[in-house]
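Both backbone and side-chain heavy atoms feed into the values below; hydrogens, waters and symmetry mates do not. So that the names make sense, note that chain A is the first sequence line, chain B the second, and so on, each numbered from 1.
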2 protein chains.
Amino acid sequence: MPTPARTSLDAIIAAAWTILEMDGLEGLTMQRVAVAVGVRPPSLYKRVRSRGDLVRLLVEDAHRRLAAAIDAAAGSGDPWRDLAAVAHAFRAFAHAHPRAYEIVFGSIREDWRPDLATLAPANDAVLSIAASLAGPDQALNGARMLVAWAHGFVSMELAGAFRLGGDIDDAFTFGIERLAVALAAPAR
Amino acid sequence: MPTPARTSLDAIIAAAWTILEMDGLEGLTMQRVAVAVGVRPPSLYKRVRSRGDLVRLLVEDAHRRLAAAIDAAAGSGDPWRDLAAVAHAFRAFAHAHPRAYEIVFGSIREDWRPDLATLAPANDAVLSIAASLAGPDQALNGARMLVAWAHGFVSMELAGAFRLGGDIDDAFTFGIERLAVALAAPAR
DNA sequence: ACCTGAACACCGTTCAAGT
DNA sequence: ACCTGAACACCGTTCAAGT
């Protein structure tokens, strides 16, 4: 005799986000998710293959949201302005959703990595900025320099790694300005 | 009646490194460490307060080794040459000891973070390079830009995040050259 | 068709008991 | 003084049994 579904994949993902943003990956247990959606742990396996699978769904979701935020920030037509806008949007996302940011860049695991297409809008935006500033030949190198710097800065900031004082906002703005100069400058 | 010690803190740390480099943080269990040093899990708590405490010891050790590698690479007197040497030493360390690198930059946890003094040699080397290139007023901002870029690049590389093809070594060299230009250039 | 209790193989950690 | 088995409170996951 069929039993009505007592939860859903969407409810599970929503509950997982709440727990993840509160207590991080290590706090995200199947037991806590089960309690949050009102079923017993074994029932979760009707919607999700494993805990790892659930994490993969969250990583994909986070990728999509980050890509959308970056894409929305670009498009002014001025690469200098776009660079600053994208960098600030990137950092703002990380500050607003630190755990989401963390799992996007922190999950080494092959099986948690979403499709390249999910990130395509963000990739395109950054590549276009880099091509405008550094020329099409150096677009990929330039984009990698931009993303590496932005990710390194934000992840160190979130990790509390900037411990020598000074103004962090100022350091971020400094980086944006000098990066634009560096990309636009001819190689020495 | 006293019993002779059957293991030591050094043996525990050495075993932990082997396990960590092989299977990462999640593979580092007290049970596996105990087996590796030839005691039962409860005995580990005579040398180490907790698993977290053991991880903290590893993080400290990794910090020291990374700082030493960076310090050794600098000191030519030429900031352009030093910048390249330090960047390559930094990347080489990450490639040679990916898990050690990972726990140095990846551990958000307050209680795992070692003393600032452990990193002092590396901080000094990078600050000195940045001061030479960008001037003393922008030394801290410049150093933060350098470290953010290097860490972002290497961590993305280790995570397999550069997925659009192209030559990664080339992108790294490109970054070094443009960073030097960017720091040495006057603000626009 | 979905949910559940019971079970299994793991964790980290504590502690009384052994030597 | 150090080591151990047993125990506790947790994990993720499977599966037969219930509705």
Could you tabulate the donor-acceptor pairs under 3.5 Å formed by side-chain atoms of residues 13-35 of chain B, not counting sequence neighbours?
from: B/Trp17; atom 1: NE1; to: B/Asp61; atom 2: OD2; distance (Å): 2.8
from: B/Thr18; atom 1: OG1; to: B/Ala14; atom 2: O; distance (Å): 3.2
from: B/Glu21; atom 1: OE1; to: B/Arg99; atom 2: N; distance (Å): 3.4
from: B/Glu21; atom 1: OE2; to: B/Ala100; atom 2: N; distance (Å): 3.4
from: B/Asp23; atom 1: OD2; to: B/Arg32; atom 2: NH1; distance (Å): 2.7
from: B/Asp23; atom 1: OD2; to: B/Arg32; atom 2: NH2; distance (Å): 3.2
from: B/Glu26; atom 1: OE1; to: A/Arg109; atom 2: NH1; distance (Å): 3.0
from: B/Glu26; atom 1: OE2; to: A/Arg109; atom 2: NH1; distance (Å): 3.1
from: B/Thr29; atom 1: OG1; to: B/Arg32; atom 2: N; distance (Å): 3.1

Requested in this report: Specify the residues of residues 11-24 of chain A, ordered by number, for which at least one heavy atom lies under 4.0 angstrom from an atom of DNA chain C.
Outcome: none
Query - Residues in side chain to side chain contact (heavy atoms under 4.5 Å, CB included) contact with B/Ala85, at least two apart in sequence or another chain - result: B/Ala73
Report task. To the nearest Å, give me how far apart CZ (A/Arg40) and P (D/dT19) are. Result -> 15 Å
Requested in this report: Quick one: list whatever passes side chain to side chain contact (heavy atoms under 4.5 Å, CB included) with A/Ala67, sequence neighbours left out.
Outcome: A/Leu119, A/Ala122
Requested in this report: Look at the side-chain N and O atoms of B/Ser43 and state whether any lies under 4.0 Å from the OP1 or OP2 oxygen of D/dT4.
Outcome: yes
Counting only pairs under 3.5 Å, give me each side-chain donor-acceptor contact of residues 37-50 of chain A, with atom names and distances, residues two or more places apart or in other chains.
from: A/Arg47; atom 1: NH2; to: A/Thr7; atom 2: O; distance (Å): 3.2
from: A/Ser50; atom 1: OG; to: A/Gly52; atom 2: N; distance (Å): 3.4
from: A/Ser50; atom 1: OG; to: A/Asp53; atom 2: N; distance (Å): 3.2

Requested in this report: Any salt bridge (charged side-chain N to carboxylate O under 4.0 Å, His left out) involving residues 2-19 of chain B? Give me the pairs, sequence neighbours left out, ordered by first then second residue.
Outcome: none
Report task. For each nucleotide in nucleotides 6-17 of chain D, reading 5' to 3', give B when a protein heavy atom comes within less than 4.0 Å of its base, S when such contact involves only the sugar-phosphate, and - otherwise. Result -> B----BBBBB--
Requested in this report: Pick base, sugar-phosphate or nothing for B/Ser8, based on heavy-atom distances below 4.0 Å to the nucleic acid.
Outcome: nothing
Query raised in the report: According to the Watson-Crick and G-U wobble definition with distances under 3.5 Å, which dot-bracket string, read 5' to 3', encodes DNA chain C, using [ ] for crossing pairs and | for pairs with another strand?
Result: ||.|||||...|||||.||
Query - Pairs where residues 160-180 of chain B contributes a residue and the test ring pair (Phe, Tyr, Trp, His ring centres under 6.0 Å) is met, not counting sequence neighbours - result: B/His88-B/Phe172, B/Trp149-B/Phe172, B/Phe153-B/Phe162, B/Phe153-B/Phe172
Query - Counterpart residues, side chain to side chain contact (heavy atoms under 4.5 Å, CB included), relative to A/Asp167 (two or more places apart) - result: A/Asp169, A/Asp170
Requested in this report: Take A/Trp80 and A/Ile129 through the test side-chain contact (heavy atoms from CB on, under 4.5 Å) and record every step on the way to the result.
Outcome: CA-CA 8 Å; A/Trp80 299 73; A/Ile129 292 168; over 6 Å; no
Query raised in the report: Any side-chain N or O of A/Arg6 under 4.0 Å from OP1/OP2 of C/dT4?
Result: yes
Query raised in the report: Taking only residues two or more places apart in sequence or in another chain, which ones pass ring-ring contact (aromatic ring centres under 6.0 Å, His included) with A/His97?
Result: A/Phe93
Query raised in the report: Which pairs, with at least one residue in residues 124-146 of chain A and sequence neighbours excluded, count as a salt bridge (charged side-chain N to carboxylate O under 4.0 Å, His left out)?
Result: none
